[in-house]
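Shown next, in structure tokens, is the structure this report addresses.
Computation of the quantities below employed the complete heavy-atom set of this structure, encompassing side-chain atoms and omitting hydrogens, waters and symmetry-equivalent molecules. Numbers here are sequence positions counted from 1.
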Amino acid sequence: MLTWLMTQKKNSVFEIFRESTRVYFTLLRILVPALIVVKSLELLGFTVWLGSVLAPLMGWLGLPDTVSVVWAATLLTNIYTGMVLFFEVARSETLTVAQVSVLGTLMIVAHAIPVEGAVARKVGAPWWLTLCLRIGGSLLLAWVLHQLYRAGGWLQYPNELAWQPKYTDESLMGWALVQIQTLTIIFFVILALITSLKLFRLLGIERLLHLLLNPFLRLLGVSQAAANTIVIGAMLGLSFGAGLLIQESRTEKLSPRDALLAVSFLGLCHSLIEDTLLILLLGADLSAVLWARLLFAFLVIGVLSRLPAHFLKHGLQPATNR
């Protein structure tokens, strides 16, 4: 009996490790090429060019042209890069809390598009949908917030910086080391996530979680099968959530429609802890970067889920190699 239990335990550990490795290498095949392409574009000056393209939109949102490069860098790379540029701009540009909140909304909804868009595409969301939801959605939400803040006279006082980043190594070698560290950490996070999911299932916590989330999932038009993925992606990030979505799609536990709606929701509202805290460090208000983002994500995905079935079917990428 004891031998049988030990064998079962070893098999469970091996299965968790094998599943984690499978999800991890699936993500690596997406992340590594995307990271290299983004860095190449950055070295070629694409960020500066994109900033000049976006500059005319800033006035529409009540922002100075100079912050366009902040969003451009965030779109191409990540929030951290955008933060560094923000602090450089903030030295010479006086911004109100309302303006920082509007800019922070752009950054938190639409960032790392090449990388996260590639991950979403693997799940089944086509590029046009990612661009419409995240870039179009960020502009729409930022514009609504700008109008509300201006009409109500809210947050119109000068922003004060409470923190600034330390110097970082901007050389190519420094960038490569940071990416290697990040990709290594991702494996252990995925291993911990899958282990936790197995444990939650064993203890019955997964069923309780589904019951608690069921009212919200109904509003989104998503089945309970997507509950774990939405929670993980919303808390930790799109890449982790999408990695599990890919795994669930392969085991056919999740329909293509639910996978599309789940990854679309996560595109608008993921990493509620880390990303929110980062944008708050810039001086943005919580009303914009958390509450407005959550409400906006629920509204958009609620509408998307109620579109005719043939629209969603047309929007799905072919499920090859998913």
Side-chain angles (χ1 to χ4, degrees), residues 47-48 50-113 116 130-165 238 265 267-301:
T47 300
V48 176
L50 183 58
S52 66
V53 171
L54 296 174
L57 296 174
M58 297 300 100
W60 184 60
L61 301 173
L63 299 172
D65 293 352
T66 49
V67 302
S68 62
V69 71
V70 176
W71 190 35
T74 306
L75 279 172
L76 286 177
T77 55
N78 51 52
I79 290 177
Y80 291 98
T81 305
M83 289 176 70
V84 172
L85 291 177
F86 171 83
F87 287 114
E88 291 181 7
V89 171
R91 291 194 187 101
S92 57
E93 194 80 50
T94 301
L95 301 172
T96 66
V97 174
Q99 287 176 313
V100 176
S101 299
V102 170
L103 175 61
T105 299
L106 292 174
M107 296 170 68
I108 205 167
V109 175
H111 58 263
I113 296 299
E116 294 186 352
T130 293
L131 295 175
C132 287
L133 284 176
R134 300 194 62 180
I135 297 180
S138 64
L139 287 169
L140 176 59
L141 179 57
W143 180 80
V144 170
L145 288 170
H146 165 56
Q147 297 300 323
L148 288 174
Y149 291 148
R150 186 178 64 173
W154 300 317
L155 309 178
Q156 299 301 321
Y157 47 89
N159 183 51
E160 295 183 5
L161 299 178
W163 176 87
Q164 291 193 38
L238 178 61
F265 177 81
L268 294 172
C269 190
H270 62 265
S271 193
L272 289 174
I273 299 172
E274 180 185 6
D275 288 358
T276 301
L277 290 175
L278 290 177
I279 300 300
L280 288 177
L281 288 174
L282 305 183
D285 192 76
L286 198 64
S287 63
V289 296
L290 180 59
W291 304 121
R293 180 166 55 127
L294 271 170
L295 178 60
F296 183 72
F298 272 100
L299 288 174
V300 171
I301 303 306

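In terms of heavy-atom proximity, T105 sits nearest to A142 at CG2-N, 4.2 Å. Minimum heavy-atom separation, T74 to G82: OG1-CA, 3.2 Å. Nearest heavy atom pair, residue A292 against residue A288, reads CB-O, 3.5 Å.
By the side chain to side chain contact (heavy atoms under 4.5 Å, CB included) test, N159 is found to be paired with F86, V97, V100, L161, residues two or more places apart in sequence or in another chain being considered. In this view, F298 and F265 satisfy the ring pair (Phe, Tyr, Trp, His ring centres under 6.0 Å) rule, not counting sequence neighbours. Every residue two or more places apart in sequence or in another chain that forms a side chain to side chain contact (heavy atoms under 4.5 Å, CB included) with L148 is listed here: V144, W154.
The distance from the CE atom of M107 to the CG atom of N78 is 9.5 Å, given to the nearest 0.5 Å. In this structure, L103 CG and L95 CG are separated by 7.5 Å, a value rounded to the nearest 0.5 Å. Going from atom NE2 of H111 over to atom OG1 of T77 covers 10.0 Å, rounded to the nearest 0.5 Å.
In this structure, the side chain of Q156 does not engage the main chain of G153 through any donor-acceptor pair within 3.5 Å.
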List, one per line, each side-chain donor-acceptor pair under 3.5 Å for residues 275-287, sequence neighbours excluded.
residue: D275; atom: OD1; partner: S271; partner atom: OG; Å: 3.4
residue: T276; atom: OG1; partner: L272; partner atom: O; Å: 2.5
residue: T276; atom: OG1; partner: R293; partner atom: NH2; Å: 2.9
residue: D285; atom: OD2; partner: S287; partner atom: N; Å: 3.0
residue: D285; atom: OD2; partner: S287; partner atom: OG; Å: 2.6
residue: S287; atom: OG; partner: Y149; partner atom: OH; Å: 2.8

Let me have the donor-acceptor pairs involving side chains of residues 55-70, under 3.5 Å, with sequence neighbours excluded, atom names and distances please.
residue: T66; atom: OG1; partner: E93; partner atom: OE1; Å: 3.0
residue: S68; atom: OG; partner: G51; partner atom: O; Å: 2.9
residue: S68; atom: OG; partner: D65; partner atom: O; Å: 2.8

Derivation and outcome, side chain to side chain contact (heavy atoms under 4.5 Å, CB included), residues L155 and Y157: CA-CA 6 Å; L155 309 178; Y157 47 89; 3.7 Å; yes
Worked verdict on S101 versus L145 for side chain to side chain contact (heavy atoms under 4.5 Å, CB included): CA-CA 8 Å; S101 299; L145 288 170; over 6 Å; no
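For the side chain to side chain contact (heavy atoms under 4.5 Å, CB included) with L54, the qualifying choice from L75, L106, L139, I135 is L75, the only one to do so.
Every pair passing salt bridge (Lys or Arg N to Asp or Glu O under 4.0 Å) that includes a residue from residues 130-142 is listed here, sequence neighbours excluded: E116-R134.
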